[in-house]
Amino acid sequence: MFEKTYDAAAIEPRIRNVWQEAEAFRAGAGAERDAETFSIVIPPPNVTGSLHMGHALNNTLQDVLVRFERMRGKDVLWQPGTDHAGIATQMVVERQLAAEGAPTRREMGREAFLDRVWQWKAESGGAIKGQLDRLGASCDWSRDRFTMDEGLSEAVLTVFVRLHKQGLIYRDKRLVNWDPKFLTAISDLEVESKEVNGELVHFRYPLAGKTFDPDDPSTFIVVATTRPETMLGDTGVAVHPDDERYTDLVGTKVVLPLVGREIEIVADAYSDPEKGTGAVKITPAHDFNDFEVGKRNKLDLINVFDEQAAVSLKGNEAFLAGLDDAALAALIDALDGLDRFEARKWIVARMEEGGYLEKIEKHVHQVPFGDRSGVPIEPFLTDQWYVNAKRLAGPAMDAVREKKTQFVPANWEKTYFDWMENIQPWCVSRQLWWGHQIPAWYGPDGKIFVERTEADVRRQAELHYRESVTFAERDEALAAWERGDGGAIVLYRDEDVLDTWFSSALWPFSTLGWPERTPELRRYYPTSVLSTGFDIIFFWVARMMMMGMHFLNREPFETVYIHALVRDEKGAKMSKSKGNVVDPLELMDEFGADALRFTLAAMAAQGRDVKIAKARVQGYRNFATKLWNAVRFADMNACRIDPNFDPNSVETTQSRWVLTEATRAGEQVTEAIEAFRFNDAAAAIYRFTWNTFCDWYLELAKPVLMGEDCPEKTEIQATTAYVIDEILKLLHPFMPFLTEELWTVTAEQSGIKRDTLLVHARWPHAGYTDDTAAAEINFIVDLVANVRSVRSESNVPASLEAEIVVVGGAQRHEDWLFRHDAAIRRLARASAVSVSDVAPPNSAQVVVGDVVVCLPLEGLVDLDAERTRLSKEVTRIEKDIQKIDGRLSNPKFLEKADAETVEEQRDKRQEAEARLIKLNAAIGRLDPVA
RNA sequence: GGGCGGUUAGCUCAGCUGGUUAGAGCGGCUGGUUUACACCCAGUAGGUCGGGGGUUCGAAUCCCUCACCGCCCA
């Protein structure tokens, strides 16, 4: 019936099935009639992804919220799904093709390749969904969505076309972050800058009209660069306008070595007089800053690289303009097609030969890398599609300013605002195949048609050209334009796709059916909470805010909960290369999903990183076992659920006490979850279960449970079963599997049928309290704890039962002692408990509240040790009293502290004083009566 | 360079809006086959709350400053 330990591996799959068959997580399942809604959209993991600690944490917290609200009777939707992860997915499939020796993406063509990706997705995509299920995430899997789904793709098309018509999406030629490995543009956010030990190369650029002499500084100007190879595309040299060293040179020209182009020296504040020589070479086509300088000073743009960041000079019109091809033949021959880093070496060597190299310094500087490809990004001049993020950011910022959306913890607002205020145009086109193809078609006259469908484009184009149009692939279309044949106008569609985050930005409403006006959209939008890591604020939160505000005119979520980053035990960021990755799946295998969940929740204090340690997970696995055994114990003692149990008719004090504590624990858990203080919630239920219910209630109950049948026993049995039910409910959001299992088992053992699964059971409502019971039980607990402590300090052998004599008690103490006699004897290992007016001689004594508890231990008590022990406490209390007196005698304290605090101090003093008197009396009794 | 956060017991961390004997888990030590649980029980040691200054009757908590650590953005 009950195994000795909880076997997570055996039980979890079974419970998962129970939930699945009951469709327990379906939107609205278990809700009260006319319930408020509570909705969360999952931050969609990559379809290529697998569960890591960050997912485990984030989804545990979401699940805690979702299960909590579901139990409170709300109409809950937790919307799951995955995103299509453009680059990552394309990479996975291309790697697979390579491994099979199959034709490459380009060889097989777009259509065939996309078929392959869909095939891959069907076979092995979305593994993470099963892993989330394993974790116990109670998402409505029947509503699973994917960013490339038909509906979501429809939303993408609608948004793109509308934004374009509103002028908020446009095509522009600018420098982009170009990834030379994946051959696509990426956004600013996908670039990671890393510190690199590089070189600062100082070149001498000869002044035009002078004869270059390496030994005569008046014949050249020295420029420093970390990227010597870009000198091929230099179109200027900049010096600071206030830099007197160069004032005379501004407006004159230098001759670019090796190339021979004459370029101008311009004055521009971008140049930092303190850095290097104060003169910098300007390559507007290959550097973001230089681009701006070039624009200000009307310098030419010369692109000298191809898509793969290899030097491209042959037939490069911009480069060759104004130069003598013949003279450059050797240079072009040597460099053309050479990788940028090879070209760097070659150029530095040639410059040195020509005497143009002044020096090379070691130099630490920041280099941008593609976060997926890991190769240095090349600023590259291309045509791309941009979203006017600045315009969209306004309302998105207002929503937060007006507290329609609140960040928790609130300080993340600052990060959000900082970024939003300095937002740059968002480059949304990607030179990939896997993704939403941009709905833009090009005509021979340069006209661009942006429409949702080809049919719409045809209509627009025929109006525009007043001729019939046909569609073709890009190459064919270009060829047709070239030929200029009469007849139909040929259009081709933009080959690029949209950034994955573009579709993710629509997630809170596209998953609910938008642009259709669905009931779900009306019901669940705006969503209640978005939970995510801070690293995603820019990528995702900000963009969802922009899109939500723009298209629905409502913020997409009421609260943005930003959780901590999960780190390893030592606080280092987990990464595959460091090998310090802790795999949540392994932890679940070893300790169970519940233990992992509880650990993550318990460690999710706001504003702090979560450092995951195996010992913690193990500790909470032990907690699961503890509860399991408590229930097992209850079962062995015939604690059956009484469907008619009414706390208000309970009479035994310890039961009234534990019911009060249960209420308190319930309030604490509720308040903590409402405030997103998951760690406090976890701690509250842990404490109540272990330290209150198991350690004291069950222990106090044992003598009764093991005794004869009587009304008191019946009541304690029923209370035990009732409190276990309360614990199961409060713990369920954190440990759903264990609690659901126990919910079933306890019902079976009690021979009752539950109205619902635990997942739909009603959350405990604050009800029962009895403050008077506390005094009695606290006294007993105190007494037992003190006796145990004294016994241990006096080295009383564990096997020896000592007598307990309570001195100085009132009638109520006597009642209490009588009532709990058996429990005290058991817990404090006493042979008898009695009351007396005088302390027995040779006793170990301890002050408990208002009474002195004596252990007459003839022959066992070391009087000197006793005196020391008691004196130590006297000293401590005297110090306390001194401190309190210090406060109370300070007129300013009396004047300024609030009355309550003063009263508190007075009470404290009185208590201490009373205790002191008792202690001194006890010490006095140790002296032999002369 | 700008911004954010951290520094509390050997370790990992709580401690919200100032008044507690500064807590928990793990680990340590001592003792325990008490008919739920050794994934357990009982007891116990261990902290001048990073340094300095200030505000206050009163500071781990608020302010300033320094040091160190981490992250984000340039």
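Residue numbers begin at 1 in each chain, while the letters A, B, ... track the order of the sequences.
- One donor-acceptor pair, N or O on each side, does fall under 3.5 Å between the base of B/C37 and the side chain of A/Lys626.
- Judged by a 6.0 Å distance limit and a 45° cone about the ring axis, A/Lys702 is positioned over the six-membered ring of A/Phe633.
- Ion pairing between A/Glu873 and A/Arg915 holds under the 4.0 Å rule for side-chain N and carboxylate O.
- A donor-acceptor contact shorter than 3.5 Å links the side chain of A/Asn786 to the backbone of A/Asp782.
- Taking a 6.0 Å sphere around CD of A/Glu421, one finds it holds more than 12 heavy atoms contributed by other residues, nucleotides or ligands.
- Across all strands, A/Thr625 comes closer than 4.0 Å to base atoms (heavy-atom distances).
- For A/Thr415, no side-chain nitrogen or oxygen approaches OP1 or OP2 of B/G3 to under 4.0 Å.
- Contact annotation for A/Arg788: backbone-only contact, meaning every heavy-atom pair under 4.0 Å involves sugar-phosphate atoms and none involves a base.
- Comparing the same atom, C1', in B/U12 and in B/G2 gives a spacing of 32 Å after rounding to whole Å.
- Nucleotides B/C39 and B/C26 have their C1' atoms positioned 13 Å apart, rounded to a whole Å.
- Separating the CH2 atom of A/Trp696 from the P atom of B/C41 is a distance of 12 Å, rounded to the nearest angstrom.
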Assign a letter to each nucleotide of nucleotides 18-26 of chain B from its 5' end: B, base within under 4.0 Å of a protein heavy atom; S, sugar-phosphate only; -, no contact.
-BSB---SS

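- Side-chain N/O atoms of A/Glu699 and base N/O atoms of B/A42 include no donor-acceptor pair closer than 3.5 Å.
- One P atom belongs to B/C16, the other to B/U8, and the distance between them is 16 Å to the nearest Å.
- Using a cutoff of 4.0 Å between basic side-chain nitrogens and carboxylate oxygens, A/Glu378 and A/Arg227 are scored as salt-bridged.
- A/Arg829 comes within 4.0 angstrom of a base, heavy atoms only.
- Contacts of A/Lys414 with the nucleic acid, taken as non-hydrogen atoms under 4.0 Å apart, involve only primed sugar atoms and P, OP1 or OP2.
- Taking for each of A/Val191 and A/Ala634 the nucleotide of RNA chain B with the nearest heavy atom, the 5'-most of the two is the partner of A/Ala634.
- When base pairs are accepted only as Watson-Crick or G-U wobble with both N-N or N-O distances under 3.5 Å, RNA chain B takes part in stems of 3 or more pairs at B:1-7 with B:67-73, B:10-13 with B:23-26, B:28-32 with B:40-44, B:50-54 with B:62-66.
- Taking the C1' atoms as reference points, B/G58 lies 8 Å from B/G18, given to the whole Å.
- Between the C1' atoms of B/A45 and B/G28, the separation comes to 8 Å (whole Å).
- Distance A/Leu627 CG to B/A36 C1': 11 Å, rounded to the nearest Å.
- Taking the six-membered ring for Trp and the full ring otherwise, the centers of A/Tyr6 and A/Trp628 sit less than 6.0 Å from each other.
- The distance from atom CG of A/Leu600 to atom P of B/C13 is 14 Å, rounded to the nearest whole Å.
- Judged by closest nucleotide on RNA chain B, A/Ser792 is the one of A/Ser792 and A/Trp419 placed further toward the 5' end.
- Looking only at distances, a side-chain donor or acceptor of A/Asp594 sits under 3.5 Å from a matching main-chain atom of A/Phe737.
- Across the C1' atoms, B/U34 and B/G23 are found 29 Å apart, a figure rounded to whole Å.
- Summarising the geometry, the separation between CG on A/Asn422 and P on B/G1 is reported as 20 Å, rounded to the nearest angstrom.
- With respect to the salt-bridge test (charged N to carboxylate O, under 4.0 angstrom), the residues A/Glu911 and A/Lys908 do not qualify.
- Comparing the P positions of B/A24 and B/C41 gives an interatomic distance of 15 Å, to the nearest angstrom.
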